[in-house]
Amino acid sequence: MAVKMKKILESLRVQPGKKIDLRNDYDPGCIGHFISKEDTEATTAAGIRLLAEQQDKLYAQNTYALLIILQAMDAAGKDSTIKHVMSGVNPQGVQVTSFKVPSAEELDHDYLRRCCVALPNRGNIGIFNRSYYEEVLVVRVHPEYLERQQLPPSLNDRHIWSRRFEEINNFEKYLTDNGIVVLKLFLNVSKEEQKKRFLVRVDEPDKNWKFSAADIHERTCWDGYMDAYEEMFNNTSTPYAPWYIIPADHKWFTRLAVVSAINETLDRLHLAFPEVTKEQKEALLVAKAEMERENAEAPGRKNKAVKKRGKKS
Ligand code: ATP
Ligand code: MG
């Protein structure tokens, strides 16, 4: 990966232990050293191809899984980022799960449970479109969600958020220690850009389906969300599961940054196709010899079959 891109990623990573100021330290309109969409197209396409190659090895090796957590305000581009960045990857190796308002059944369990059952298999990339992080975001901004969780009253106190941060950090350490690599991406859209995208959703008939009146209500809670996000970054960006704050006002830059962050994470795993042992190699040669013998023993049979097929058509 180019040194410049590595530097950009470094600046987007929330350094563990460092306190950030989300509004002032991270510009949603950042485009790095690029000047336009055209300027990034070749690099993004190369990144998507590299991701496909890495994923083939991840799948063949069947040792690690990659869990990508995507969080964002509405209209930041989670869905379209998944669609574009994953466009070259073998669909068999990817599992995408979207987390919505919990059902009554889900609320009858602890909050991590529904995410546990959706974790990616070894060899796969799992994408959480929203995640257990909603438990320290929307649930914090709207305390009525917490009321529905039927927690014992003594545990529903002012320390609940710091306990949840600790629980989440422990959970992600556990995943990492079991070969599930965690990469967390926040698509950072500005309030102005969100408004523009909402207006497009209202004005363009093909995009009307994407618009929800509830999104407008969430927009009025913008500052509350930014505070909750900032607290979350300051408490859950860890050496084993860091947060990246991805600028999201320019979708073309978002895609490049996301594919680069994924490739950099996979790079660190030094993925390779499994090497066959001497015995396995010998077995392969025996199998090859057997197949070659088949052809040598019955050379006419193949021709007859071809002739028959030819007559039919
Ligand atoms: P899009 O709008 O692009 O379709 P989305 O992720 O916003 O995608 P929606 O169906 O609009 O999907 O919204 C899902 C909603 O579910 C979000 O408002 C989110 O905050 C909420 N949600 C997710 N997890 C929880 C949770 N644990 N508790 C309460 N609300 C949650
Ligand atoms: Mg939504």
Side-chain angles (χ1 to χ4, degrees), residues 28 67-86 95-119 126-151 155-156 160-161 163-165 167-168 171-172 184-191 193-233 236 246 248-249 251 254-255 258:
L67 172 63
I68 302 171
I69 292 185
L70 273 183
Q71 284 290 156
M73 296 296 283
D74 284 305
K78 288 185 280 108
D79 291 353
S80 71
T81 303
I82 297 171
K83 184 169 146 186
H84 283 88
V85 170
M86 292 292 151
Q95 301 160 248
V96 184
T97 313
S98 299
F99 292 97
K100 312 277 182 185
V101 177
S103 65
E105 207 268 330
E106 285 169 339
L107 284 173
D108 241 2
H109 294 271
D110 61 278
Y111 70 89
L112 285 177
R113 190 247 194 183
R114 66 176 182 162
C115 296
C116 286
V117 296
L119 286 170
I127 301 178
F128 282 1
N129 184 346
R130 300 188 187 273
S131 65
Y132 43 83
Y133 279 102
E134 293 292 327
E135 294 292 334
V136 293
L137 295 167
V138 67
V139 177
R140 193 165 186 179
V141 174
H142 298 290
E144 62 274 19
Y145 280 125
L146 195 57
E147 294 315 311
R148 283 191 225 153
Q149 294 190 359
Q150 293 146 251
L151 292 170
L155 293 174
N156 189 349
I160 188 162
W161 311 116
R163 274 204 311 275
R164 285 195 170 178
F165 292 143
E167 287 153 9
I168 288 172
F171 177 60
E172 291 176 353
K184 303 182 296 199
L185 307 172
F186 169 61
L187 305 191
N188 187 22
V189 74
S190 66
K191 201 174 175 191
E193 180 62 24
Q194 188 198 51
K195 186 175 177 177
K196 275 192 211 157
R197 293 183 189 174
F198 279 170
L199 288 174
V200 170
R201 290 179 180 188
V202 172
D203 290 339
E204 288 186 17
D206 286 358
K207 294 197 170 155
N208 285 170
W209 65 274
K210 282 192 188 175
F211 187 77
S212 144
D215 293 351
I216 295 295
H217 177 66
E218 291 313 291
R219 188 176 155 76
T220 63
C221 306
W222 189 274
D223 285 340
Y225 272 108
M226 292 304 112
D227 290 343
Y229 267 110
E230 191 174 274
E231 276 260 322
M232 181 192 83
F233 295 131
T236 61
I246 308 282
D249 276 5
K251 286 192 172 183
T254 310
R255 286 167 199 161
V258 167

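Each ligand, and each atom within it, is numbered from 1 in the order the structure gives. Here the structure is a predicted model, which means the values were calculated and not measured.
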Worksheet item: Is it true that K210 lies under 4.0 Å from ligand 1, counting heavy atoms only?
Response: no
Practice prompt. Determine whether any heavy atom of S98 lies closer than 4.0 Å to an atom of ligand 1.
Written response: no
Worksheet item: Do R197's NZ or CZ and the ring of F211 fall within the cation-pi criteria of under 6.0 Å and 45°?
Response: no
Practice prompt. Ignoring hydrogens, tell whether any protein atom lies closer than 4.0 Å to atom 5 (P) of ligand 1; use the non-hydrogen atoms only.
Written response: yes
Fill in: For atom 27 (N) of ligand 1, closest protein heavy-atom neighbour
E135 OE2, 2.9 Å
Worksheet item: Is there a donor-acceptor pair closer than 3.5 Å between any side-chain N or O of K184 and the backbone N or O of T236?
Response: yes
Discussion item. Checking ring-ring contact (aromatic ring centres under 6.0 Å, His included) between F99 and each of Y132, F128, Y133, Y111, which is the one that passes?
Written reply: F128
Item to complete: Check whether any side-chain heavy atom of L185 sits under 4.5 Å from a side-chain heavy atom of I68, and report yes or no.
Response: yes
Worksheet entry | ligand 1 atoms in contact with V139 (distance to a heavy atom under 4.0 Å) | 28 (N)
Fill in: Of the N, O or S atoms in D74, the one nearest the Mg ion (ligand 2)
OD1
Worksheet, complete the sentence: Within the 4.0 Å heavy-atom cut-off, what Y145 brings close to ligand 1 is side chain
Worksheet, complete the sentence: among protein heavy atoms, the one nearest atom 28 (N) of ligand 1 is P102 CD, 3.3 Å
Worksheet item: Short N/O distance, under 3.5 Å, between D74 and ligand 1?
Response: yes
Worksheet item: For the side chain of Y225 and the backbone of E218, is there at least one donor-acceptor N/O pair under 3.5 Å apart?
Response: no
Worksheet item: Are the side chain of H142 and the backbone of V138 linked by a donor-acceptor contact shorter than 3.5 Å?
Response: no
Discussion item. So Q71 and L187, do their side chains get closer than 4.5 Å, heavy atoms only?
Written reply: no
Worksheet item: Any nitrogen or oxygen of K100, main chain or side chain, under 3.5 Å from a nitrogen or oxygen of ligand 1?
Response: yes
Worksheet item: Is the closest heavy-atom distance from M73 to ligand 1 below 4.0 Å?
Response: no
Discussion item. Geometry only, no angles: is V101 polar-contacting ligand 1 at N/O separations under 3.5 Å?
Written reply: yes
Worksheet item: Is N188 close to E193 at the side-chain level, that is, under 4.5 Å between some pair of heavy atoms?
Response: no
Worksheet item: Any side-chain heavy-atom pair from M73 and Y229 closer than 4.5 angstrom?
Response: yes
Response to the item:
Closest to atom 13 (O) of ligand 1 (heavy atoms only, candidates R114, E134, R130) is R130
Discussion item. With nothing but distance in play, are any N or O atoms of S131 less than 3.5 Å from an N or O of ligand 1?
Written reply: no
Discussion item. Among all the protein's non-hydrogen atoms, which is closest to atom 3 (O) of ligand 1, and how far away is it?
Written reply: D79 OD2, 3.5 Å
Worksheet item: Under the 3.5 angstrom rule, does the side chain of D249 hit a backbone N or O of S190 as a donor-acceptor pair?
Response: yes
Fill in: Top protein contact for atom 30 (N) of ligand 1, by heavy-atom distance
V138 CG1, 3.4 Å
Discussion item. Between Q194 and R219, is there a side-chain donor-acceptor contact under 3.5 Å, judged purely by atom types and distance?
Written reply: yes
Practice prompt. Heavy-atom distances under 4.0 Å are what count here, so tell me which part of K78 touches ligand 1: side chain, backbone, both or neither.
Written response: side chain
